[in-house]
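Some notes on the structure that comes next.
All figures in this text were calculated on a predicted structure; none of them were measured in a lab. First the proteins, then the strands, lettered A, B, ... as listed; each starts at 1. Below, each value reflects all heavy atoms present in this structure, side chains not excepted, and no hydrogens, waters or symmetry copies.
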Amino acid sequence: MPDSIDLLSLAAKYPFSHWGRSYVEQVWGSDDINDYLLNDTIFQKLEIIFSWRKRGFSNLQDKYNVDYLYPENEVVIYLALMFFLTYSDYPEHFKMRLGGHYFNWLTERTSKLLLNEREEKIVSEYFERDLALKHELKNKQFIIALQDYLRKLGGTSHSFHISLVDLPLKDGKVILSKELAADVAADLTFSYLINLLEGKIHLGRGSTKKPVWMDKIQRFINQFMTENIVVDGSTTYPHDPQKYPPCIQTFVEQLSKGIAIPHFARFAVASFMHQIGVEKDYVVNLFTAASDFSVDKTKYQVSHIYGEIGSHTSYTAPGCDTLKVSRLCPVQGYCNIHAKHPVSVYFSKWRASKS
Amino acid sequence: MIPETVRKQLTILDSILQEHYSKNPQLVVSPDFIEGREFGFTYFDGSFRRHLSFKTSQEYKSFILKNHPKDIYFSIAIYRSPSSLMSKKGWLSAELPFDLDAEQVLKTDDENIKAGWISPSVYELIKQEFVKLIENFVEADFGLHKGDYALSFSGGRGYHLRIKNETFSSLDQRVRRQIVEYISIGYKPKWFSNGSSMVSPFRHDYGWCKKIFESLKTINLEDLTTYSSTELNAAAKVIASCRKASKPSDFRIRIHERPTAQKLIEETVSRTTVAIDERVTVDINRLLRAPGTVHGGAGLLCKSLTKSELSNFDPMRDSTMPLNSRRKVEIQRIPFEVCINGDLVTPSDKGRVMEVNSSLAYYLVVRRGGVFVE
């Protein structure tokens with residue numbers, strides 16, 4: 001167990017970790033988080049956290065700096081944001097999106113900090129205690145059983161930056177250098193934090209007494225949202241058919257030629273268009289060349305998918321794997337590194353064109 | 001409505017299957033966890049019945065004997081209630097399946113292959129790819145051994161491998177997809193530089209990096225027939241740098257050599273990947289053909305194999321229905337000579353009426369290479 005100074009520094013670097021929890025339990029005691037949240041430096045930090053990918057911030061040298069002057073602030077920010085994300089009045093999907101934004105920053109920083117740890121045993125302890133991943137440390141390499149790693153992947157609901165193809169596999173073992181171990185740790189940490197937040201939101205439904213600083217953070221977030229492109233969980237990318245993934249491109253082309261496409265492909269088109277923010281009328285028009293086209297019927301079905309009638313739940317487009325299994329994916333292999341979902345491919349094409 | 005002439009042919013095919021199952025019931029292999037699997041059957045009238053389940057091996061075998069279906073499938077998944085509709089089955093786990101099919105492996109539009117005419121040389125090619133899948137990926141990288149997987153000849157155009165290991169059986173579609181990418185798409189080099197003019201495509205010394213590194217070392221310049229002389233010179237330098245390096249992460253080239261190295265790596269990757277059917281591997285509810293049963297559209301047995309049996313396995317010799325009865329067949333178009341259970345027909349037999357064993361007769365008629373004359 002590190003001494004209290006080490007513990008504070010480790011808790012500041014990894015506030016979500018067992019070091020963070022120990023710090024809160026052992027050192028902080030009964031201090032009130034509210035005292036810390038009046039601190040302006042915390043809001044400066046929040047600005048970095050929520051702007052880290054913005055132009056002008058992306059190259060910021062100190063965007064991953066740990067506040068060693070007031071290390072407890074790092075723990076406060078983590079606790080406060082988790083509390084805020086759990087109990088704020090935002091819709092659940094938006095909370096998860098905000099959480100994802102914060103966790104991305106936090107895990108990128110974690111990766112860099114782990115890489116810079118002088119002692120491998122800190123990384124090792126992190127793997128053991130926080131990621132619950134058994135490993136062997138041999139010649140400065142972290143050796144994990146592939147089956148344990150796959151079990152970890154299976155327990156998550158999001159995609160990983162590091163795919164199996166990039167991993168050093170041998171005889172059923174993943175043999176990680178410190179650099180790769182830090183990257184893998186970032187992926188797994190993101191997954192841990194997202195799952196944690198999901199659980200907290202689920203358990204935290206209902207009212208709770210909201211501290212005054214919640215309003216302050218909410219004002220900050222609202223301000224941040226109006227200055228940025230993110231609005232209510234969807235982006236304002238203009239509609240560009242050139243950036244459709246191959247599946248949607250194929251379906252739309254076939255529809256325009258009056259070729260009958262399977263019902264599930266029609267559903268994929270409409271739900272995809274909804275997710276990328278296309279107007280309903282545009283979608284209805286896509287189906288006009290079909291031999292069995294009926295304005296009323298199509299409008300009714302598209303409205304359903306858009307969540308305007310029926311259960312008032314908008315539908316999500318099927319993912320790449322579902323399209324593959326349904327034999328609707330026109331591509332051998334995968335069309336894009338982001339090809340988990342047609343919508344991700346569309347937005348990744350947008351991002352690529354912008355950069 | 002099936003024309004009468006076709007119906008007669010189908011009736012004879014059906015009777016051959018009936019004969020096979022009644023004379024060789026011992027060949028039907030019951031899967032493990034039989035009570036948790038869904039079964040599906042097709043028949044010569046075109047019907048497909050699924051969502052069926054059996055409590056015991058005996059029940060399964062009796063069903064086959066009684067109904068002699070054209071095709072017999074069982075789920076790779078184990079369910080709590082396998083005979084319920086999909087949404088109510090209660091998925092518990094699913095073996096991780098791989099399907100290697102001639103059409104996909106050869107990336108061909110060959111009409112003969114599409115129609116199921118797989119020559120011995122094509123079968124051999126698919127087998128080599130199958131061995132590559134087992135040795136280079138399932139064993140070398142995933143660290144699995146013979147008890148962890150089951151192999152079978154599909155009875156048609158290729159081979160099946162099912163990983164039965166508990167961890168792999170619990171994987172969801174996303175992780176299965178990563179495994180598909182690992183085997184069939186392979187590594188896309190990300191170039192690293194340490195600030196100098198030298199770059200490296202390998203970040204570590206294992207897995208795909210090692211596969212490519214070892215393969216680059218063995219490239220013979222004479223095989224690069226599509227390369228111009230300038231490209232050949234550049235390739236020679238890249239290969240020489242690779243041979244000098246003791247491990248993948250030591251391999252470095254000058255930045256201007258990168259396009260050539262990239263091209264060589266991409267070619268190496270495409271030779272090293274195995275073209276598994278991705279739709280099969282990511283599908284956690286897939287029905288696969290049951291080993292020990294006849295592939296109704298091909299006439300050969302779907303046969304369980306061990307890895308050691310694989311090297312000498314010849315589908316046309318080792319996976320036929322062992323039937324002594326004989327049928328008269330008028331030979332139509334066949335693309336190559338076919339020998340089953342000692343009887344031989346060749347393309348030059350076209351138009352002849354021959355009496356052949358029922359197994360060969362089935363093989364020919366089901367591919368429209370002949371018609372029964374009764």
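Scanning for side-chain contact (heavy atoms from CB on, under 4.5 Å) contacts around B:S47 gives B:Y43, B:D45, with sequence neighbours left out. The ring-ring contact (aromatic ring centres under 6.0 Å, His included) check on B:F130 picks up B:Y159, with sequence neighbours excluded.
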Which donor-acceptor pairs under 3.5 Å do side chains of residues 172-186 of chain A form with protein atoms, sequence neighbours excluded?
from	atom 1	to	atom 2	distance (Å)
A:S177	OG	A:L180	N	3.2
A:K178	NZ	A:L115	O	3.3
A:K178	NZ	A:E117	O	2.2
A:D183	OD1	A:S111	OG	3.2
A:D183	OD2	B:R203	NH1	3.2
A:D183	OD2	B:R203	NH2	2.6

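Inter-residue side-chain proximity for B:K210 and A:P168 is flagged as unmet; no heavy-atom pair is nearer than 4.5 Å. Side-chain atoms of A:V165 and B:I185, non-hydrogen and from C-beta on, never get closer than 4.5 Å to each other. B:E278 is listed as a side-chain neighbour of A:K324, based on a closest heavy-atom distance under 4.5 Å.
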Assess the residue pair B:W208 and A:L167 against the criterion (side-chain contact (heavy atoms from CB on, under 4.5 Å)); give the C-alpha distance rounded to whole Å, side-chain angles, the decisive distance to 0.1 Å, and a yes or no.
CA-CA 8 Å; B:W208 264 103; A:L167 283 179; over 6 Å; no

Please assess A:C320 against B:R177 for the test side-chain contact (heavy atoms from CB on, under 4.5 Å), listing each intermediate value before the final yes or no.
CA-CA 10 Å; A:C320 295; B:R177 188 192 135 120; 3.6 Å; yes

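Interface with chain B: from residues 138-147 of chain A, residues A:Q141, A:L146, A:Q147 qualify, criterion being any non-hydrogen pair under 4.5 Å.
More than 12 non-hydrogen atoms from other residues, nucleotides or ligands lie less than 6.0 angstrom from NZ of B:K217. Within a 6.0 Å radius of NZ in B:K146, no more than 12 heavy atoms belonging to other residues, nucleotides or ligands are found. Crowding of B:R271 atom CZ: a count of heavy atoms from other residues, nucleotides or ligands under 6.0 Å exceeding 12. No more than 12 heavy atoms of other residues, nucleotides or ligands lie within 6.0 Å of CZ in B:F33, so this atom counts as exposed by the packing criterion. Counting heavy-atom neighbours within 6.0 Å of B:R49 CZ, excluding the residue itself, gives a total of 12 or less.
Side-chain N or O atoms of B:R174 include one that pairs as donor or acceptor with a backbone N or O of A:L153 at under 3.5 Å. A donor-acceptor pair under 3.5 Å is absent between the side-chain atoms of B:Q178 and the main chain of A:S163, judged by distance alone.
Contact of B:E166 with chain A is not made at all, since no heavy-atom distance falls under 4.5 Å. Neither the backbone nor the side chain of B:D205 comes within less than 4.5 Å of any heavy atom of chain A. For B:R176, no part sits under 4.5 Å from any heavy atom of chain A, backbone or side chain.
By the 4.0 Å N-to-carboxylate-O rule, B:K190 lies close enough to A:D166 to be salt-bridged with it.
Between chain A and the options B:L144, B:V175, B:I183, the largest number of non-hydrogen pairs under 4.5 Å is found for B:V175.
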